[in-house]
Amino acid sequence: MRCAKGVILDRFEPEIIAFCCEYCGYAAADLAGSMRLSYPANLKIVKIPCTGRFDIIHALKAFEAGADGIFVFGCLEGNCHFEVGNLRAKKRVEHLRRILDECGIGGERVGMYNMSSAMGRQFAEAAREVTEKIRGLGPNPVKAAKSRERRAEG
Ligand code: FES
């Protein structure tokens, strides 16, 4: 398999962090499980009270620690249980995309989905979509550089 930059990859399985708000994103993921819908195990779900708590610094630390992609799953716009948390998160995700573009990691490695707690099927589809997308992009360049350094050190 080749990533977007043409590098040949052996069975690259991306590590994706999914920050899910407790009321909708997490509930939709839970529903997908209850419905026995299969979706890739590449997503590591982090439950947060509201996407308004999603912070850019957490995302940058996750990339530094080796995450290949980060996605935020919150309530539908207008339905955030804390009124505007998901709108704040949307702005932070857009800002994070610009930062990642500037530092060479690539803003396409992050994104946001809005869904209700009843959208288990959509959660499973989104999980498949982001996994394919990040698989196509290849490993996070920070992780790739660190593993090259480790190999060079022996
Ligand atoms: Fe779900 Fe705010 S409670 S995004």
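Whatever order the structure lists ligands and atoms in, that order sets their numbers, starting from 1.
Under a 4.0 Å N-O distance rule, the pair Arg135/Glu13 qualifies as a salt bridge. Look at Arg92 and Asp55 and you find no salt bridge, because none of the NZ, NE, NH1 or NH2 atoms lies under 4.0 Å from a carboxylate O.
Note on ring orientation: taking the six-membered ring where Trp is involved, the planes of Phe73 and Phe123 are tilted (angle from 30° to 60°). Taking the six-membered ring where the residue is Trp, Tyr113 and Phe71 present tilted rings, their angle falling between 30° and 60°.
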message: For Ile45 and Ile17: C-alpha separation, side-chain torsions, deciding distance, then whether side chain to side chain contact (heavy atoms under 4.5 Å, CB included) applies.
response: CA-CA 6 Å; Ile45 294 177; Ile17 311 294; over 6 Å; no
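For atom 2 (Fe) of ligand 1, the nearby protein N/O/S atoms, meaning those under 2.8 Å, are Cys50 SG, Cys80 SG.
For the ring pair (Phe, Tyr, Trp, His ring centres under 6.0 Å) condition, the pairs that include at least one residue of residues 44-63, sequence neighbours left out, are Phe19-Phe54.
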